[in-house]
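Bear in mind the structure is a predicted one, so any value in this text is a computation, not a measurement. Note that ligands are numbered from 1 as they come in the structure, with each ligand's atoms numbered from 1 the same way.
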Amino acid sequence: MDVESLFPSESDLDLSFTSCASNTSTDRTFTSSSARSSLTLSFNESRGLSSSSGVHRPHRKSDPHWTAIHAATNLSPDGTIHLNHLKLLRHLGSGNLGRVFLCRLKDYDDSATFALKVIDREALTNKKLSHVMMESQVLSVVDHPFLPTLYAHLEVSHYTCLLIDYCPGGDLHSLLRKQPGNRFRVDAVRFFASEVLVGLEYLHALGVVYRDLKPENILIREDGHVMLSDFDLCFTADVVPTLFKRFSSKVGPTKKNWLSCLEAVFRRRKEISDEEMTAFVAEPTAAYSRCCVGTHEYLAPELVNGNGHGNGVDWWAFGIFLYELLYGRTPFKGATKEATLRNIASSRPFGFPESDVAAEENGVAEVKDLIARLLVKDPRRRLGCAWGAADIKRHPFFDGIKWPLIRTYSPPDVPGLMRKKSHVSHVRGGGSSFSLSRRKSLGKRWSWRGIGNFIKGKGSDSKLNKKISM
Ligand SMILES: Nc1ncnc2c1ncn2[C@@H]1O[C@H](COP(=O)(O)OP(=O)(O)OP(=O)(O)O)[C@@H](O)[C@H]1O
């Protein structure tokens with residue numbers, strides 16, 4: 001087939017995109033506007049909204065995605081990626097801001113695939129435009145295995161197009177629904193939670209408060225590892241990375257009988273005397289926003305109360321996230337969204353299910369203890385708020401995890417989880433046999449014009465757990 005007929009010029013593209021904004025309801029997320037500028041680990045200072053082409057990334061130079069991108073830019077007359085370098089393969093989904101397509105580079109059939117997020121700026125309100133800016137800002141600075149790589153940022157007419165990693169494994173919410181009892185075993189919870197924790201730790205070190213952690217926003221890469229997505233509700237703050245020295249004891253599950261309690265006290269005393277700890281903390285503890293944003297069931301009490309919130313909202317959401325992975329539902333969910341918010345705001349503590357489906361599994365006491373320490377309504381007493389991920393990583397639930405090697409752990413053997421060999425072997429093998437077989441199964445390919453028609457003619461099919469905007 002004549003390739004050019006599939007790829008009209010970019011001016012054709014401009015005409016074909018008439019309505020990119022989805023009319024998805026915004027019933028599960030709130031929004032914010034009060035981003036604070038970064039001072040120490042600079043977020044706004046050194047990086048802008050421009051294309052990622054000038055940024056020295058990534059650390060995996062042999063990654064086939066970058067190889068293809070570099071080859072395409074080398075051949076491009078102006079040394080940059082354009083939309084007509086891309087071949088759209090299919091529509092992946094729609095969100096509040098735009099639509100996402102699977103694509104690959106036109107002249108590199110055996111190269112990796114990408115996801116292209118297309119946002120029609122003309123169809124968005126000013127508030128949503130600020131979210132687009134936030135998302136592109138965050139994408140333009142992050143470089144982490146559990147976060148998306150921004151391969152190109154294209155501004156074409158009134159469209160903003162972000163070329164990022166494609167995650168063929170879907171999202172964690174869909175995966176959760178494929179599990180027996182709609183819940184993960186404790187070991188699977190530990191795997192996903194560890195990776196998400198490391199991703200959050202990295203974001204916080206950059207001064208980025210995520211504010212939209214939920215299983216729907218955790219995408220699964222082809223090797224079964226996670227990728228946090230959706231950064232439009234983030235806000236930024238100053239971070240002063242600091243080396244702290246302190247005395248500390250390990251936190252752990254509460255023992256019921258008094259003898260165990262006594263033992264625990266003695267053990268704790270010993271630990272306190274033994275454990276003078278030095279910790280590197282890069283946590284945006286001064287982060288502050290008054291805008292209520294997020295997803296109902298994941299909103300922290302301070303967000304619901306509207307009295308201002310900071311980094312602690314992510315650690316609260318991390319507690320809800322653990323709970324949902326473990327039990328298949330969130331702890332404060334009520335019959336209506338208002339009831340959910342009332343449950344969150346009330347002073348009543350949450351409870352664990354009476355018939356605990358996880359009761360027999362190793363590590364359940366630890367994960368429940370961790371959840372209880374995260375779902376503390378007063379953020380000043382919530383685990384993570386003062387010391388960030390450093391404190392959470394030390395919780396017994398994560399005992400034995402070698403954090404620097406986290407990327408090398410094998411994903412759990414759970415139904416429906418894609419577990420293609422890691423990117424390392426993919427890189428070495430050049431990826432050609434995989435790409436070939438996968439290409440065959442991609443089905444219908446889209447032209448830019450075809451997608452324009454699709455956008456005009458069809459509604460959206462966005463995610464189950466929706467954001468709320470206020
Ligand atoms: N990198 C990706 N790889 C695979 N699928 C993706 C990728 N990014 C997005 N998707 C799919 O496209 C859908 C829309 O994503 P998008 O980020 O635009 O919206 P969203 O996640 O609903 O967030 P929001 O509405 O807050 O912008 C997602 O639900 C997901 O199914």
Check Leu233 against ligand 1 and report side chain, backbone, both or neither, counting heavy atoms closer than 4.0 Å.
neither
Decide if the gap between the ring center of His65 and the ring center of Tyr151 is smaller than 6.0 angstrom.
yes
Check for me whether the distance between the ring centres of Tyr409 and Phe191 falls short of 6.0 Å.
no
Heavy atom under 4.0 Å from ligand 1: found in Ser94's side chain, backbone, both, or neither?
backbone
When only distance counts, is Asp230 in polar contact with ligand 1, meaning an N/O pair under 3.5 Å?
yes
Proximity of Glu135 to ligand 1 by residue part, where a heavy atom lies under 4.0 Å:
neither
About how many Å separate CZ of Phe321 and CG of Asp314, when rounded to the nearest 0.5 Å?
12.0 Å
Would you check if Pro331 and Ile320 make a side-chain contact, meaning some heavy-atom pair closer than 4.5 Å?
yes
With atoms numbered from 1 as shown, which atoms in ligand 1 lie under 4.0 angstrom from a non-hydrogen atom of Ile164?
1 (N)
Qualifying salt bridge (Lys or Arg N to Asp or Glu O under 4.0 Å) pairs with a residue from residues 195-206, counting only residues at least two apart or across chains
Glu201-Lys393
Below 4.0 angstrom from a heavy atom of Gly95, which ligand 1 atoms are there? Numbered from 1 as shown, please.
14 (C), 18 (O), 19 (O), 20 (P), 22 (O), 25 (O)
Please work out whether any backbone atom (N, CA, C, O) or any side-chain heavy atom from C-beta onward of Arg99 is under 4.0 Å from ligand 1, and answer side chain, backbone, both or neither.
neither
Contact (N/O only, under 3.5 Å) between Ala115 and ligand 1:
no
Determine, considering heavy atoms only, which of Leu219, Thr113, Asp165 sits nearest to atom 8 (N) of ligand 1.
Leu219
Indicate, with yes or no, if the rings of Tyr298 and Trp316 have centres closer together than 6.0 Å.
no
Residue selection (non-hydrogen contact nearest atom 10 (N) of ligand 1) among Asp232, Val100, Val132:
Val100
Arg290 and His309: side-chain donor and acceptor closer than 3.5 Å?
no
Ligand 1 and Tyr166, any nitrogen or oxygen pair closer than 3.5 angstrom?
no
Between Thr295 and Lys214, does any side-chain donor sit less than 3.5 Å from a side-chain acceptor?
yes
Modelled atom types, side-chain donor and acceptor of His82 and Asp78, under 3.5 Å:
yes
What are the atoms of ligand 1, with element, lying closer than 4.0 Å to any heavy atom of Met227?
1 (N)
With a cut-off of 4.0 Å, which atoms of ligand 1 are near a heavy atom of Leu92?
4 (C), 5 (N)
